[in-house]
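Just below is one structure, and these are the notes that go with it.
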Amino acid sequence: QVQLAESGGGLVQAGGSLRLSCAASGSIFSISAMGWYRQAPGKERELVARITNGGTTNYADSVLGRFTISRDTAKNTVYLQMNGLKPEDTAVYYCNTQGFRGTTLQYYFDAWGQGTLVTVSS
């Protein structure tokens, strides 16, 4: 019912930058939070950054100071600006959106994107 379209991944050299975008679509009534998670080879999925409806942000310690999460509430879009990329940032990045969907009735949703691959080479 709610779909997330991610873009912006790719191959970049260490020290480079990428900006990930995630646009949520569907019968969205409101969004409570949007965030980015990543899963590196052989590791579990982990939180990278998250922003709530109230604008509160959370970052993984490993990306603090390098990554910035932002949102465009009118467009139901979240961005992740990634600067100073390191090889350890290599992972599939997944967009996550939580909120409520529906028109006459609202239902909670927790949607995940397909993932976009970020590869950082040295």
Judged by modelled atom types alone, do Tyr93 and Arg38 share a side-chain donor-acceptor pair under 3.5 Å?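 Side chains of Tyr93 and Arg38: pair found under 3.5 Å.
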
Between Gln81 and Arg66, do the side chains contain an N or O donor and an N or O acceptor separated by less than 3.5 Å? no

Could you check whether any side-chain N or O of Ser62 sits under 3.5 Å from a backbone N or O of Ala60, counting only pairs where one atom can act as donor and the other as acceptor? no

Taking Gly9's backbone N and O only, do any of them form a donor-acceptor pair with Thr116's side chain (distance below 3.5 Å, no angle check)?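 A pair under 3.5 Å: yes.
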
Nearest 0.5 Å, what's the [atom1]-[atom2] distance between [X] and [Y]?
X	Y	atom1	atom2	result
Leu64	Tyr59	CG	OH	8.0 Å
Tyr107	Phe100	OH	CZ	12.5 Å
Arg71	Thr57	CZ	OG1	10.0 Å

I'd like to know whether Trp36 forms a side-chain contact (heavy atoms from CB on, under 4.5 Å) with Asn96, so could you lay out the CA-CA distance, the side-chain angles of the two residues, the decisive distance to 0.1 Å, and finally the verdict. CA-CA 6 Å; Trp36 291 94; Asn96 172 250; over 6 Å; no

With hydrophobic residues grouped by side-chain heavy-atom distances under 4.5 Å, do [X] and [Y] end up in a single group?
X	Y	result
Val48	Tyr79	no
Leu47	Val63	no
Leu117	Trp112	yes

I'd like to check [X] versus [Y] (side-chain heavy atoms, cut-off strictly below 4.5 Å). Are they in contact?
X	Y	answer
Leu80	Phe67	yes
Val78	Ile51	yes
Glu46	Gln39	no
Phe109	Thr97	yes

List in chain and number order the residues that pass ring pair (Phe, Tyr, Trp, His ring centres under 6.0 Å) with Tyr94, two or more places apart in sequence or in another chain; answer none if no residue qualifies. none

Could you tell me whether Gln114 atom CD has more than 12 heavy atoms of other residues or ligands within 6.0 Å of it? no

Using the disulfide (SG to SG under 2.5 Å) rule, collect all pairs that involve residues 31-85, keeping only residues at least two apart or in two chains. none

Please tabulate, for the side chains in residues 14-34, all donor-acceptor contacts under 3.5 angstrom to protein atoms that are two or more places apart in sequence or on a different chain.
{"unit_1": "Ser17", "atom_1": "OG", "unit_2": "Asn83", "atom_2": "OD1", "d": "2.9"}
{"unit_1": "Ser27", "atom_1": "OG", "unit_2": "Gln1", "atom_2": "NE2", "d": "3.1"}

